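I have placed the structure first, in the form of structure tokens, so that the comments after it can refer back to it.
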Amino acid sequence: MTMKKSSKKRDSKFGFDSFNPLENKTVLLGISGGIAAYKACDIASMLRHAGADVHAVLTPNAKEFITPLSLTTITRNQAHCEQYGAQANWRPEHIDLAKKADLILIAPATADLIAKLAAGICDDLLTTMVLASPAKVMIAPAMNPVMLQHPATKHNLSILENRYRYDVIPPEYGEVACGDWGTGKMASVDTIIAAVAARLLAHLTLSTKRLLVTAGGTREPIDPVRFIGNRSSGKMGIAMADAAHGRGADVTLVSTVDVERAYPVIVVETAQEMQDAVESEFDGCDALVMTAAVADFRPLTTSNHKIKKTDSEDLVLELTKNPDIIDLLGRVKRKDQVIIGFAAESEALLSNATQKLKRKNLDVIVGNDISVPDIGFGSDDNAVIILNSDGAKESLPRMPKRAIAEHLCDLLAERFQAIEKTPVH
Ligand code: C5P
């Protein structure tokens with residue numbers, strides 16, 4: 001695996017380019033004093049190229065092997081090593097860092113550092129930060145094979161392995177710095193990066209979640225051959241269902257477009273059929289993603305026979321309002337349920353989407369401007385704005401609908417995390 005290349009032009013997992021998988025992730029890279037410390041520069045560089053905000057913290061012994069200057073230059077953040085030194089603010093910066101880190105990676109982790117972590121000793125900056133941080137800690141041990149096999153080291157490693165917060169990236173077999181052969185060589189940089197990426201991205205999984213997604217445009221029959229419809233192709237909803245399924249969610253798709261999928265697809269035609277299907281599934285779902293373009297009106301009556309053009313000179317269709325499915329469900333949704341709506345607008349996108357978000361009691365609304373040519377309805381691409389009920393706004397430039405769906409999956413995973421952290425009264 002070559003993360004540098006794949007992070008720049010990553011198309012395998014998510015199907016689009018220029019994807020920095022670790023964007024918005026803060027990684028605290030702890031480096032302890034072993035010869036493998038020289039590899040920390042490569043690790044820092046790869047993490048940064050994958051989008052992570054990397055902050056290096058060296059033990060005093062690590063400085064004998066590599067310099068803080070190298071790490072500062074590579075990470076583009078000041079490397080830390082002194083526990084007691086001048087500080088810019090009343091609150092030591094490293095405590096803030098320890099609190100905001102998404103992950104602490106210690107590579108290499110020496111026998112000494114592992115022993116300190118197991119015992120809870122914090123006599124330097126790195127061990128203090130680990131103790132002050134709630135983040136997950138991954139350690140990549142690197143030492144002489146005899147040291148690794150020592151009962152004290154084995155015992156200390158087993159203590160860490162049994163602690164929920166810690167993951168050990170096992171050392172490998174090979175020739176170690178002193179010329180001995182055996183297991184003790186730090187895992188390869190690629191292995192470490194892959195483990196870190198998997199750990200950081202794992203929280204964006206949707207496994208254990210039930211998602212109800214709607215797709216397509218409803219058809220409201222006038223007679224047995226004619227209907228009132230719209231231009232929705234169903235591509236966005238299907239992309240959303242596929243992406244969520246790929247993240248491990250238990251997906252049900254309610255769609256006007258019949259597709260073969262590994263998850264259940266309920267095919268419907270009219271707004272009323274969609275309402276019935278969505279309402280019967282809604283209670284058991286954690287999120288409803290209402291991507292479908294549901295007709296606002298339907299013919300008041302449907303002719304049982306094909307209306308002939310000879311029947312009369314003019315044909316007047318009387319329309320009646322369809323139920324606004326998302327609006328009804330927005331009123332009854334539980335606090336632990338998330339609803340994402342869509343707004344396809346031809347004017348005043350931001351204000352219309354904002355109003356809909358509030359009026360329909362949605363958690364998120366995805367708006368797109370249908371007056372922009374070549375994107376949106378029927379296209380494989382779209383450009384959208386995403387408005388959150390907490391006021392956060394973002395706009396995604398033109399990109400494949402699958403990429404938008406992946407983004408929405410991230411957002412959902414983060415919402416679920418926030419819900420899980422909210423105390424139940
Ligand atoms: O108000 P408007 O129809 O533009 O709102 C769009 C959002 O509402 C979409 O998420 C759409 O799926 C949903 N909708 C609905 N029931 C309707 C009309 C729209 O759930 N009858």
Side-chain angles (χ1 to χ4, degrees), residues 211-221 227-241 243-244 251-257 265-283 285 287-300 319-333 337-372 376-378 382 384-389 396 401 404-405 407-409 411-412 415:
L211 251 75
L212 180 59
V213 182
T214 66
T218 62
R219 292 177 167 192
E220 310 299 327
F227 58 83
I228 297 175
N230 61 62
R231 296 184 194 281
S232 175
S233 62
K235 285 182 178 174
M236 184 66 232
I238 294 165
M240 184 65 211
V251 175
T252 299
L253 177 66
V254 178
S255 174
T256 62
V257 184
V265 180
I266 303 172
V267 182
V268 295
E269 187 173 279
T270 64
Q272 280 186 316
E273 285 172 15
M274 185 166 278
Q275 181 186 19
D276 291 345
V278 170
E279 282 186 349
S280 73
E281 299 285 326
F282 183 69
D283 209 33
C285 80
L288 165 66
V289 186
M290 195 73 201
T291 324
V294 187
D296 292 330
F297 294 93
R298 67 175 184 276
L300 185 60
L319 302 179
T320 183
K321 223 174 189 171
N322 268 331
D324 192 325
I325 306 167
I326 208 169
D327 188 277
L328 295 172
L329 295 174
R331 291 167 202 272
V332 297
K333 86 177 169 81
Q337 287 179 307
V338 178
I339 302 188
I340 300 184
F342 282 71
E345 303 288 337
S346 55
E347 55 185 354
L349 176 62
L350 185 60
S351 66
N352 280 332
T354 308
Q355 279 170 26
K356 268 181 204 173
L357 177 76
K358 289 194 183 128
R359 194 176 65 239
K360 300 188 182 206
N361 192 28
L362 309 181
D363 297 281
V364 176
I365 195 153
V366 183
N368 72 299
D369 184 345
I370 53 172
S371 65
V372 181
F377 284 135
N382 211 346
V384 298
I385 55 165
I386 301 177
L387 311 181
N388 287 268
S389 56
L396 301 184
K401 286 178 174 171
I404 297 172
H407 196 89
L408 293 174
C409 285
L411 207 149
L412 271 175
R415 283 250 166 191

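All ligand and atom numbering here is 1-based and tracks the order in the structure. Values in this document were obtained by computation on a predicted structure and should not be read as measured data.
- Rounding to the nearest 0.5 Å gives a distance of 11.0 Å between CG of Leu357 and CD1 of Ile339.
- Lys356 contributes atom NZ, which lies 11.5 Å from atom CG of Leu387 (distance to the nearest 0.5 angstrom).
- Taking any N or O of Asp327, backbone or side chain, none lies under 3.5 Å from an N or O belonging to ligand 1.
- Close approach to Ile326 involves these atoms of ligand 1, each under 4.0 Å from a residue heavy atom: 8 (O), 10 (O), 13 (C), 15 (C), 20 (O).
- Of the polar atoms of Ile325, at least one N or O is found under 3.5 Å from an N or O of ligand 1, judged by distance alone.
- Numbered from 1 in the order shown, with element, the atoms of ligand 1 that lie under 4.0 Å from a heavy atom of Ala292 read 11 (C), 12 (O).
- Nearest protein neighbour of atom 17 (C) of ligand 1, counting heavy atoms only, is Val294 CB, 3.5 Å.
- When the heavy-atom distances from atom 21 (N) of ligand 1 to Pro323, Ala293, Ala271 are ranked, the shortest goes to Pro323.
- At distances below 3.5 Å, not a single donor-acceptor pair connects side-chain atoms of Gln337 with backbone N or O atoms of Lys333.
- In this structure, Met290 CE and Leu362 CG are separated by 10.5 Å, a value rounded to the nearest 0.5 Å.
- Nearest non-hydrogen protein atom to atom 14 (N) of ligand 1 is Asp324 OD1, 3.7 Å.
- An N or O contact shorter than 3.5 Å is missing between Ala343 and ligand 1 by distance.
- Looking only at protein heavy atoms, the nearest one to atom 1 (O) of ligand 1 is Lys360 NZ, 2.9 Å.
- We find the CG-OG1 distance between Leu349 and Thr354 to be 8.5 Å, quoted to the nearest 0.5 Å.
- Considering backbone and side-chain N/O of Gly341, none are found under 3.5 Å from N/O of ligand 1.
- Those atoms of ligand 1 that come under 4.0 Å of a heavy atom in Asp296, given as number and element, are 3 (O), 18 (C).
- The structure places CG of Asn368 at 8.0 Å from CD1 of Ile404, a figure rounded to the nearest 0.5 Å.
- When the heavy atoms of Gln355, Arg359, Lys356, Met290 are ranked by distance to atom 10 (O) of ligand 1, first place goes to Met290.
- Residues that satisfy the side-chain hydrogen bond (donor to acceptor under 3.5 Å, both in side chains) test with Ser371, not counting sequence neighbours, are Asp369.
- Annotation: atom 9 (C) of ligand 1 to nearest protein heavy atom, Phe342 O, 3.0 Å.
- In this structure, the side chain of Arg415 does not engage the main chain of Ala287 through any donor-acceptor pair within 3.5 Å.
- Within the model, atoms OG1 of Thr214 and CD1 of Ile266 stand 11.5 Å from one another, a figure rounded to the nearest 0.5 Å.
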